[in-house]
Amino acid sequence: RLEQCRRRRLQRSQSYFESVAGDWERIRKSYFDDRVTSLAIEKLLPRDLTLVDVGCGTGSLTFELARFARKVVGVDLSNEMLRRARAVAQERAVRNVEFRQGDALKLPLDSRSVDAAFCVMVLHFLPDPQHAVEELCRVTRPGGSVILVDLVQHKQEWMREQMAHRWRGFDRALIDKWLRAAGANSVSYDLTGSFAGEKIARNGNRPVEIFVARAALPATVKQKMKKSSK
């Protein structure tokens, strides 16, 4: 019964994104503004990188990253979202992006194949966000970064009912725990000052704040071993 329940929830989530793909940019901008994207990108200073945008949707962040990255791979489970993202890439003649259909829990990328992995406003939709964090760390090269942007833990039940959320945000300790368990040796966490649903009034409740977390992976396994032997 538990497995049947999980399958129903997954199907509901997939159906939600297929149905809203044509209106996703309007929904996204009513839910969180583009300051969040800028804050996420500011966490990366070097250019000429290979990046992955997990849960890319119609490619809003993917195209922003492509302005300075060597290559960006956008991954999403929704074929309709990806169809629209590819159409935008063709329309804008963006040559350094690639879109792949895939699950955040089983990314269609080789291990240690990207310099940084972005996951922006996606974890709260997933059945197993901890495993998604493990996948983000798996595909990131030694010395690379994993950047998470998501909701602070909250009590807004309407987000589950109306926006297919599975999780009511995450607290700092849990995000730190997941990233370190996945191999990160440094984690920073900041509140963005932006709020999800800031433009949507729901029962007089305060909108939910958004955090950005950046995790650095060890530069090399050898360095880590050498350091621990001192």
Side-chain angles (χ1 to χ4, degrees), residues 5-21 23-37 39-40 43 52-58 60-62 74-78 81 102-107 117-137 146-179 181-182 187 189-200 202-203 205-215:
C5 180
R6 286 174 176 169
R7 283 198 296 267
R8 284 196 299 270
R9 288 179 177 176
L10 176 60
Q11 186 176 22
R12 178 171 175 256
S13 180
Q14 289 175 331
S15 298
Y16 171 77
F17 285 108
E18 293 292 342
S19 67
V20 302
D23 202 28
W24 181 243
E25 282 304 297
R26 182 192 64 78
I27 294 171
R28 181 187 66 79
K29 287 180 180 179
S30 71
Y31 187 49
F32 66 94
D33 66 34
D34 289 328
R35 286 179 296 166
V36 174
T37 300
L39 285 164
K43 294 292 178 180
V52 62
D53 176 18
V54 175
C56 64
T58 53
S60 174
L61 175 60
T62 312
V75 177
D76 204 277
L77 195 59
S78 167
M81 290 281 192
D103 193 334
L105 305 183
K106 191 177 182 181
L107 292 174
F118 285 78
C119 189
V120 176
M121 303 300 282
V122 172
L123 290 182
H124 57 264
F125 288 111
L126 303 177
D128 189 349
Q130 181 177 7
H131 185 63
V133 170
E134 292 169 357
E135 276 290 277
L136 291 164
C137 290
V146 173
I147 293 88
L148 306 176
V149 179
D150 218 288
L151 303 176
V152 174
Q153 193 169 34
H154 63 87
K155 297 180 180 179
Q156 305 277 26
E157 190 64 30
W158 69 268
M159 290 183 172
R160 284 190 178 188
E161 299 300 322
Q162 298 183 32
M163 303 195 75
H165 290 198
R166 295 188 179 208
W167 296 80
R168 291 182 301 185
F170 308 93
D171 66 26
R172 179 174 187 165
L174 188 60
I175 292 297
D176 186 89
K177 177 182 177 181
W178 286 350
L179 286 166
V187 180
Y189 177 104
D190 298 291
L191 298 177
T192 64
S194 291
F195 294 82
E198 197 166 14
K199 301 171 185 176
I200 306 174
R202 286 291 185 274
N203 302 323
N205 292 321
R206 184 184 177 193
V208 181
E209 191 157 10
I210 298 169
F211 71 82
V212 56
R214 177 184 182 273

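In summary, of the residues considered (Asp103, Leu105, Leu126), a side-chain contact (heavy atoms from CB on, under 4.5 Å) with Leu77 occurs for Asp103 alone. Looking at His154, His124, Gln153 one by one, the single match for side-chain contact (heavy atoms from CB on, under 4.5 Å) with Val208 turns out to be His154.
Arg166 is not listed as a side-chain neighbour of Phe125, based on a closest heavy-atom distance of 4.5 Å or more. Side-chain contact check for Val212 versus Leu148: every heavy-atom pair is 4.5 Å or farther apart. In this structure, Trp167 and Asp150 have side chains that are not in contact, with every pair of non-hydrogen atoms separated by 4.5 Å or more. With contacts defined as side-chain heavy-atom distances shorter than 4.5 Å, the pair Val52/Val75 qualifies. Two residues are said to be in side-chain contact when any heavy atoms from C-beta on lie closer than 4.5 Å; Met81 and Cys56 fail this criterion. Put simply, the side chain of Arg168 does not reach to within 4.5 Å of the side chain of Met159, judged on heavy atoms.
Annotation for Gly55 and Asp76: closest pair C-OD2, 3.3 Å, computed over non-hydrogen atoms. Summarising the geometry of Leu191 relative to Val152, their closest heavy-atom pair is CD2-CG2, 3.7 Å, with the distance given to 0.1 Å. The minimum heavy-atom distance between Pro207 and Phe195, with the atom names listed, is O-CD2, 3.4 Å.
Among residues two or more places apart in sequence or in another chain, the salt bridge (Lys or Arg N to Asp or Glu O under 4.0 Å) test is passed with Asp171 by none. Remark: Arg172 engages Tyr189 in a side-chain contact (heavy atoms from CB on, under 4.5 Å) (not counting sequence neighbours).
Distance check: Leu136 CG to Leu107 CG gives 6.0 Å after rounding to the nearest 0.5 Å. For the atom pair CG of Asp128 and CG of Leu123, the computed distance is 10.5 Å after rounding to the nearest 0.5 Å. Note that CZ of Phe170 is 7.5 Å distant from CG of Leu151, once rounded to the nearest 0.5 Å. Atoms NE2 and CD, from His165 and Glu157 in turn, are 11.5 Å apart once rounded to the nearest 0.5 Å. With rounding to the nearest 0.5 Å, the separation of CD1 in Ile210 from OG1 in Thr192 is 5.0 Å.
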